[in-house]
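Report on the structure given below.
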There are 2 protein chains.
Amino acid sequence: MNLPSAVCFHLTRMKNFIILWKHFQNNFVFYGITIYDIAREAKVGIGTVSRVLNGNPHVSEKTRKRVLEVARRLNYQPHTYAQRLAKQKAYAISAVIPFFTSYFFIEVLRGVQDKITELGFDLVLYGVNDPSNQVEYYLQKSTYRGKVDGVLFFSMRFPESYVGYFNQRTIPIVLVDTYHPKFDSISVDNFQGAYLATKHLIEIGHEKIGIIVARLESVPAKQRFEGFKKALSDYGKNFYEEFFVEAKETQLDGFTREAGYNSCMELLNRKKGIPTAIFVSSDIQAIGVIEALNENGIKVPDDVAVIGFDDIELAKDFGLTTVRQPMYEMGKVAVEKLFERMNDRVRKPMHIKFTPELVIRKTCP
Amino acid sequence: MNLPSAVCFHLTRMKNFIILWKHFQNNFVFYGITIYDIAREAKVGIGTVSRVLNGNPHVSEKTRKRVLEVARRLNYQPHTYAQRLAKQKAYAISAVIPFFTSYFFIEVLRGVQDKITELGFDLVLYGVNDPSNQVEYYLQKSTYRGKVDGVLFFSMRFPESYVGYFNQRTIPIVLVDTYHPKFDSISVDNFQGAYLATKHLIEIGHEKIGIIVARLESVPAKQRFEGFKKALSDYGKNFYEEFFVEAKETQLDGFTREAGYNSCMELLNRKKGIPTAIFVSSDIQAIGVIEALNENGIKVPDDVAVIGFDDIELAKDFGLTTVRQPMYEMGKVAVEKLFERMNDRVRKPMHIKFTPELVIRKTCP
DNA sequence: GTGAAAGCGCTAACAA
DNA sequence: TTGTTAGCGCTTTCAC
């Protein structure tokens with residue numbers, strides 16, 4: 001295309017101008033109002049402004065009013081990081097949490113979030129997709145100097161190599177749904193919960209009680225199993241080997257619907273009869289168990305009573321009798337304990353165990 | 001108790017000492033290593049240290065090595081907020097997300113988190129428990145000056161009163177699973193998805209097709225309903241009023257298992273016969289529908305085929321044929337778009353619609 | 001290539 | 001009651 005050079009020149013200028021304009025817009029930074037602006041407008045020093053904004057009582061009512069008025073008019077917002085740097089405090093905590101897509105975590109997180117909001121802190125979230133590899137990485141990241149005032153560590157085995165690290169740097173940490181003797185922890189008494197469930201089964205008259213558990217290498221599964229056995233022996237009941245199935249599935253340690261379904265199928269395939277009640281180590285497995293039972297024409301609860309563990313959302317839907325973990329509550333308490341620890345770094349580690357409660361619904365009246 | 005005054009005195013001193021000691025321990029701050037420490041040790045200026053640490057090429061190889069060595073030896077970690085303040089950049093984004101305890105959000109969040117980690121940013125989470133009240137509060141909070149470089153806003157109606165706010169302050173925002181003409185958004189084409197599902201039903205030979213939807217005042221429910229009707233009319237099929245049920249439950253707009261169950265019961269109670277296939281507006285409802293069907297001795301898929309929407313975790317378990325929303329993917333893309341917007345604040349709002357795909361399982365082969 | 005110094009926006013100690 | 005000033009720990013000119 002041939003254009004007169006004058007036009008070409010013009011076009012080029014135009015283009016450059018547009019580029020410049022875009023650049024300008026892109027780099028247009030909202031010119032933040034600082035305490036200096038307020039100080040100038042209100043004809044006071046920045047110290048006074050800071051005092052007013054921080055509720056320091058040593059300010060005359062007159063200047064306080066004036067400063068506040070100016071701040072409002074200028075739509076002042078303090079710069080988060082300037083405050084945090086000067087105060088040497090992060091006003092934030094982090095949560096290192098496995099992204100198992102389970103109801104449990106969302107629910108605990110709700111508790112955490114609510115409590116944190118109440119305290120005016122921020123929550124920095126580190127979701128760990130691969131617990132075997134990424135835990136250290138996220139621990140490292142979440143404790144970058146100054147970034148947070150404390151850490152909530154969820155459900156994963158705490159890496160031994162970081163035990164010293166957290167002591168030395170004295171950054172408070174609370175373990176949730178997991179345990180280490182050196183740190184505060186919040187968890188549910190799995191043993192007690194399973195004991196409760198089993199006791200209930202016994203009390204309503206069951207004799208032949210089966211158990212379907214997730215993989216016993218998982219700590220909660222193991223504890224629930226132990227609680228079950230203890231209740232049996234305390235009440236002089238038999239442990240029926242033929243009605244005991246451990247999950248084979250490795251995914252989520254066997255805490256899945258599929259694993260429950262398969263375990264139940266295995267139990268039935270043994271052709272050694274059926275128990276009158278089954279304790280299942282989690283609700284999600286229990287749902288699978290019930291499905292397997294239904295498919296085989298076995299009625300719940302008439303032929304077999306089923307009791308789960310967790311009280312997930314679906315449990316209510318399915319009318320599943322279960323043992324309730326106070327998830328939301330645990331989240332709240334975890335934050336509370338973390339704050340207590342932030343204020344007293346000396347006291348001995350506290351280990352809080354929530355006692356779960358029985359929720360009786362249709363599958364085991 | 002009477003003790004010699006000397007002992008009393010001693011005890012008092014002891015007590016004071018203990019108090020002092022506790023106080024000391026509590027206020028023992030890990031004395032952070034700063035670039036000044038490194039500078040001193042490496043016998044260079046702090047400017048040089050900063051240059052090395054930031055990968056600035058204008059440093060001789062010799063000093064670079066030395067500085068790096070000292071930094072490693074002293075176990076240096078930069079102070080997060082000092083960096084952010086000096087750089088005038090937050091290296092963080094926030095997510096304002098309703099704490100509906102649903103699989104959808106966890107899954108999207110996973111995508112968000114993964115992408116964010118990849119980019120080295122932090123995720124500040126604001127879970128909204130009461131969307132009707134708290135949205136503004138959290139928007140406010142998440143945009144405190146300097147705190148984050150961008151905001152992800154999920155699934156809730158974006159408050160009109162904040163439209164101007166986000167423009168004026170030029171803090172980038174991306175809407176996920178919701179829409180506003182003035183901002184970038186990512187969502188799933190509900191209409192298209194429902195169309196696809198219905199088309200499938202038609203293609204495998206169904207004539208009498210029913211529909212069970214969540215409350216139509218919910219935008220996704222409405223869109224899915226429209227897609228369903230369009231497919232029927234495009235293929236010249238009848239819309240059977242007697243096989244259409246809208247949820248009555250208000251909880252979660254009727255996107256619950258219970259609502260699905262009840263809707264299906266209502267359909268059956270009308271005693272106007274049953275359709276050969278049912279399109280349900282969500283998987284969780286579909287599970288309720290199937291249960292109602294089973295209870296009434298109606299076999300799925302032999303008597304009635306059922307197709308859901310979402311592809312939640314349970315859908316796989318139940319062998320539910322459904323329409324899959326690419327949740328994880330959406331999370332990733334949302335972050336990508338947010339970063340693009342951070343780099344170009346001028347371009348017109350982009351609205352990305354994901355096309356959902358059909359997942360064929362047992363309930364509708 | 002390197003050091004000194006001036007910010008970033010705020011808090012808090014110190015004078016006045 | 002106030003204003004001034006020295007940090008907080010880092011980045012980034014600007015001289016040399």
Side-chain angles (χ1 to χ4, degrees), chain A residues 27 29-68 70-71 74-92 143-149 169, chain B residues 27 29-68 70-71 74-92 143-149 169:
Chain A
N27 291 288
V29 183
F30 176 74
Y31 190 70
I33 304 294
T34 72
I35 51 172
Y36 286 89
D37 299 315
I38 299 180
R40 196 181 343 95
E41 286 282 309
K43 302 195 192 315
V44 293
I46 60 159
T48 304
V49 176
S50 180
R51 258 167 247 138
V52 171
L53 263 23
N54 287 296
N56 184 315
H58 300 293
V59 187
S60 80
E61 198 48 39
K62 232 173 77 184
T63 48
R64 143 168 281 106
K65 276 244 169 82
R66 192 151 33 101
V67 168
L68 247 25
V70 172
L74 264 41
N75 211 313
Y76 171 77
Q77 282 198 319
H79 188 111
T80 319
Y81 298 136
Q83 278 183 317
R84 293 181 181 183
L85 179 59
K87 278 239 179 107
Q88 288 293 81
K89 196 159 167 26
Y91 295 103
T143 55
Y144 250 50
R145 192 148 57 95
K147 189 182 270 185
V148 297
D149 301 313
R169 313 223 43 221
Chain B
N27 292 286
V29 183
F30 176 74
Y31 192 70
I33 304 294
T34 72
I35 51 173
Y36 286 88
D37 299 316
I38 299 180
R40 197 182 341 96
E41 286 282 308
K43 302 196 194 313
V44 292
I46 60 160
T48 304
V49 175
S50 178
R51 260 167 244 138
V52 171
L53 264 23
N54 287 295
N56 184 316
H58 300 293
V59 187
S60 79
E61 199 47 38
K62 235 173 75 184
T63 48
R64 143 167 281 107
K65 276 243 170 82
R66 191 149 35 100
V67 168
L68 247 25
V70 173
L74 263 42
N75 211 314
Y76 170 78
Q77 281 197 320
H79 188 111
T80 318
Y81 299 136
Q83 279 184 317
R84 293 181 181 182
L85 180 60
K87 279 240 181 101
Q88 289 291 84
K89 195 158 166 28
Y91 296 103
T143 55
Y144 249 51
R145 194 146 57 94
K147 189 182 269 185
V148 297
D149 301 312
R169 313 222 45 220

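Chain A is the first sequence line, chain B the second, and so forth, proteins listed ahead of strands; every chain is numbered from 1.
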Problem set entry | Distance test, side-chain N/O of A:Y76 to OP1/OP2 of C:dC10, below 4.0 Å | yes

For this session: In whole angstrom, give the distance that lies between atom NZ of B:K87 and atom P of D:dT11.
Result: 6 Å

Seminar exercise, completed: Residue pair B:R51/B:L85 against DNA chain D: nearer the 5' end by closest nucleotide is B:L85

For this session: Report yes if at least one side-chain N or O of B:R145 is closer than 4.0 Å to OP1 or OP2 of C:dC10; otherwise report no.
Result: yes

For this session: Provide, to the nearest angstrom, the distance between the NZ atom belonging to A:K65 and the C1' atom belonging to D:dT1.
Result: 17 Å

For this session: Verify the contact: side-chain N or O of B:S60 to OP1 or OP2 of C:dG1, cut-off strictly under 4.0 Å; return yes or no.
Result: no

For this session: Have a look at A:K62 and say if it touches a base, only the backbone sugar-phosphate, or nothing, with a 4.0 Å heavy-atom cut-off.
Result: nothing

Exercise. Below 4.0 angstrom from OP1 or OP2 of C:dG9, is there any side-chain N or O of A:Q83?
Worked result: no

Problem set entry | Protein-nucleotide distance (B:I35, atom CD1; D:dG7, atom P), rounded to Å | 16 Å

Exercise. Would you say a side-chain N or O of B:Q88 is under 4.0 Å from OP1 or OP2 of C:dG9?
Worked result: yes

Exercise. Has A:H58 got a side-chain N or O lying under 4.0 Å from the OP1 or OP2 atom of D:dT1?
Worked result: yes

Exercise. OP1 or OP2 of D:dT2 less than 4.0 angstrom from a side-chain nitrogen or oxygen of A:T63, does that happen here?
Worked result: yes

Exercise. Below 4.0 angstrom from OP1 or OP2 of C:dT2, is there any side-chain N or O of B:T48?
Worked result: no

Exercise. Across the strands shown, which category fits A:K43 at heavy-atom distances under 4.0 angstrom: base, sugar-phosphate, nothing?
Worked result: sugar-phosphate

Seminar exercise, completed: Per nearest nucleotide of DNA chain C, the residue lying toward the 5' end, B:P57 or A:P78, is B:P57

For this session: Remember a base hit wins even if backbone is also touched, and classify B:R84 as base, sugar-phosphate or nothing at under 4.0 Å, heavy atoms.
Result: nothing

Exercise. To the nearest Å, how far apart are A:I38 CD1 and C:dT11 P?
Worked result: 10 Å

Exercise. Rounded to whole angstrom units, what separation is found between the NZ atom of B:K89 and the P atom of D:dG9?
Worked result: 23 Å

For this session: Answer with base, sugar-phosphate or nothing: what part of the nucleic acid does A:Y36 contact at a heavy-atom distance below 4.0 Å?
Result: base

Seminar exercise, completed: dist A:R66:CZ -> A:S60:OG (nearest 0.5 Å) comes out at 7.5 Å

